[in-house]
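In each ligand, atom 1 is the first atom listed, and ligand 1 is the first ligand listed. Heavy-atom basis, side chains included; hydrogens, waters and symmetry copies ignored.
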Amino acid sequence: MNMKGMNDRPSKMLLIEDDPEYAYMMQQMLAITPGAPPTLECADSLSTGLESLARGDIDVVLLDLSLPDSWGLETFDRVHACAPQAPIIILSGLDDQALAVEMVRKGAQDYLVKGQLDGNLMVRAMRYAIERKRAEEEIRHRNEELMALNALSTTISQSPNLDHILHAAVDKVLEVMSIDAGWIQLLDENTGLLSLAAHRGFSQKMIQETKTIKLGESMTGRVAQLGEPIVVNKISDDPRLSMESGSQENLHAFAGVPIKSKDNVLGVLGIFSRSPRELSVQETQLLIAIGHQVGVAIENARLAQEASEIEILQELNRLRSELIANVSHELRTPLGLIKVFCTTLLREDVGFDREMQQRFLRNIDEETDKLERIVDNLLDLSRMESGRLRLDKRPIDVGQLAQKVMDTMKMDIQPTQHRFVHDFPTIPLMAIIDPKRIEQVLRNLMSNAIKYSPGGGTITVGGRGDKRQLLVWVRDQGIGIHPQDLERVFDRFYRVENETTQRVRGAGLGLSVCQGILEAHGERIWVESTPGTGSTFYFTLKRMKPAPEPVDALAQRGSESVRGSESVPCHQAVGRVDRGDGM
Ligand code: ADP
């Protein structure tokens, strides 16, 4: 900012005084003052004085407080409010020390008593007033700059978001320097290109044209290349600016400073003015200081990103080790058993009868199935994570599917300990699903229901539907799950630590596979459980609209009314009818 000073042209003084004789005397006094006396403009009332002030070319005001249209302190307040930047000297007929002090406190530069004045004294008072006002303005402006720097430091230290910091920096610079447009261009060391990271005040065209700037090209490119500030007060005179569309944007002045961290140029902070503007040394220094702060912020953000990348790598490493540990542990048991059965069968010194051989081979077959399941689970999980799980969907009666799974699972249980209940309505519950995948979900849930109810009990597989949705559940009367583990049981490799789970084999993959399959269907799964009483795993499926039944089929069903799924009779698979929750 450049204040108009006494060196540029004779100062212009506005005398607001209603006594024409005194105004005339002042003019005479100034005329015989040696040097370059100020030019004097006179106003005989406050209103005409304010009109002159509104033009903005007055360097100092000489003010009589008693005017026809205003009086006393109010006169000062109104002049000060109209031109806060203009120094005001009070002219008074009274040699009143108390009033003089009060006026100076209020912002007047001086208080002069009319009878004690001569031309020299007048000019000196005026020069001092202008200089004092200039110094005051300077301090106020510096203060604003420091506050801006402080505000920026706070933003930088509090915001983890680099994008936010860069935009805040541009906004602050524009605000404090009262400038029209500004940007931050960040340098890519590998490509040597600067790219626009934050901007304010440019047209869309200019933004498009300056999205990337080559190192060394145009003003911004040169600032980045030299690592030094460049200040251009008249863009049109500087051929270096041709690339920055300055003329089309009507930009007059440019200043750019490098954004540095430890002597490395990371980018450029540039500001542009649409009116003629000379950047002061202080303003350039402020810009450099902000550039430095932004450099620190970028460096911090990069370090934080590197740290989080290292954390992610460490986490990946940990997961990989966990995976290897879990998988090898799980594979070892069936592999060990297969090895034992094979070695035994191969013994030449022992002759096994056919029945024994069959038993061993059955065991090998079972263990191989377990191995296959673990590997399948792992492959499924990896497909789910990469979005490669393909579903082969078709209309399926979910009740029938559950019955089929239950029938095969029955072979694995001891009928004396566990019993299965199939709790579905007699009418088909149709859904468009991948039957193999939903079968896998039911198998995993039923297998868990068996594994985690070592004391036996009833395992119910049930389903109900309303017009749009099916709810399917698998309920056991087993050990249950503590509330703090309910969410986590669906995490990969998560196994609840307790006596039972230690005795039961498992890789902690089954439930995450179930969740992945249901998510791929656009559905969800959850669990409700009471420790010591049992667990119920629920999942949803979208119901397929049933095709209208032929009339004779309806007639055949006679009085069997279907008023809603809750009232549909249940199909009893084993033992007594156990109706689960309705929907
Ligand atoms: P796995 O059974 O192979 O350990 P899952 O992913 O199927 O892995 O299950 C994760 C954990 O959730 C199990 O280790 C067990 O602690 C708990 N869990 C699963 N189903 C039940 C259930 N029906 N009753 C009690 N706990 C269960």
Side-chain angles (χ1 to χ4, degrees), residues 319 322-335 366-367 369-385 402 405-406 409 412-413 417-421 423 437-462 472-520 524-539 578 580-581:
L319 283 175
E322 200 177 63
L323 177 102
I324 292 167
N326 276 296
V327 171
S328 20
H329 178 76
E330 280 319 299
L331 297 180
R332 186 177 291 148
T333 320
L335 271 178
E366 271 171 26
E367 294 305 318
D369 283 349
K370 284 182 190 157
L371 277 181
E372 209 177 355
R373 269 203 297 279
I374 296 173
V375 173
D376 282 350
N377 273 343
L378 283 168
L379 287 175
D380 284 344
L381 275 176
S382 105
R383 280 190 202 111
M384 285 164 197
E385 273 169 16
V405 181
M406 198 183 248
M409 299 288 294
D412 295 341
I413 59 166
Q417 229 186 343
H418 289 100
R419 65 196 188 106
F420 274 125
V421 172
D423 180 13
R437 291 299 177 185
I438 298 300
E439 182 178 330
Q440 199 178 348
V441 171
L442 287 165
R443 195 179 293 282
N444 278 349
L445 296 180
M446 286 189 220
S447 152
N448 279 353
I450 299 168
K451 285 196 301 187
Y452 300 109
S453 50
T458 302
I459 294 168
T460 309
V461 185
V472 184
W473 62 88
V474 176
R475 173 171 302 140
D476 64 53
Q477 296 175 323
I479 58 170
I481 303 168
H482 277 281
Q484 71 265 25
D485 293 313
L486 283 180
E487 281 294 317
R488 301 203 60 196
V489 290
F490 294 98
D491 291 352
R492 264 184 317 164
F493 299 119
Y494 188 77
R495 304 203 71 213
V496 178
E497 299 255 332
N498 59 40
E499 260 183 50
T500 312
T501 52
Q502 268 167 14
R503 270 186 271 118
V504 173
R505 284 163 60 183
L509 293 175
L511 289 180
S512 45
V513 170
C514 292
Q515 190 175 39
I517 291 174
L518 287 162
E519 277 172 2
R524 59 192 194 98
I525 181 169
W526 69 100
V527 57
E528 289 172 9
S529 183
T530 311
T533 304
S535 312
T536 308
F537 283 83
Y538 295 93
F539 63 88
D578 184 354
D581 294 341

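- Of the N or O atoms in L511, one or more lie within a sub-3.5 Å distance of an N or O in ligand 1.
- The G480 neighbourhood of ligand 1 comprises atoms 25 (C), with distances under 4.0 Å to a heavy atom of that residue.
- Between V496 and ligand 1, at least one pair of N/O atoms sits closer than 3.5 Å.
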Report task. Report the C-alpha separation of V472 and L442 in whole Å, then their side-chain angles, then the decisive distance to 0.1 Å, and conclude whether the side-chain contact (heavy atoms from CB on, under 4.5 Å) test is met. Result -> CA-CA 9 Å; V472 184; L442 287 165; 4.2 Å; yes
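- Under 4.0 Å is where a charged nitrogen must lie from a carboxylate oxygen, and between D380 and R383 at least one such pair does.
- Residue I481 has no N or O atom closer than 3.5 Å to an N or O atom of ligand 1.
- Nearest protein heavy-atom contact of atom 23 (N) of ligand 1 is D476 OD2, 2.9 Å.
- Between the side chain of H418 and the backbone N or O of S453 there is at least one donor-acceptor pair closer than 3.5 Å.
- Remark: distances from the non-hydrogen atoms of F537 to ligand 1 include one below 4.0 Å.
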Query raised in the report: Can you list the steps and then say if T536 with R475 is a side chain to side chain donor-acceptor pair (under 3.5 Å)?
Result: CA-CA 4 Å; T536 308; R475 173 171 302 140; 2.9 Å; yes
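- In terms of protein heavy-atom proximity, atom 11 (C) of ligand 1 is closest to Y494 O, 3.6 Å.
- Residue contacts with ligand 1 do not include N444, since none of its heavy atoms lies under 4.0 Å from the ligand.
- No salt bridge links K370 with E366; every basic N to acidic carboxylate O contact stays at or beyond 4.0 Å.
- Side-chain N/O atoms of Q440 and R437 include a donor and acceptor closer than 3.5 Å.
- In terms of protein heavy atoms, atom 12 (O) of ligand 1 is closest to V489 CG1, 3.3 Å.
- For atom 4 (O) of ligand 1, the closest heavy atom belonging to the protein is R495 NE, 2.5 Å.
- Below 30°, between 30° and 60°, or above 60°: for Y538 and W526 the angle between ring planes is below 30°, a parallel geometry.
- Closest protein heavy atom to atom 8 (O) of ligand 1: G508 CA, 3.1 Å.
- Under the 4.0 angstrom criterion for non-hydrogen atoms, S453 is not in contact with ligand 1.
- Regarding atom 7 (O) of ligand 1, its nearest protein heavy-atom neighbour is N448 ND2, 2.8 Å.
- Checked by distance only, ligand 1 and Y452 come closer than 3.5 Å through their nitrogen or oxygen atoms.
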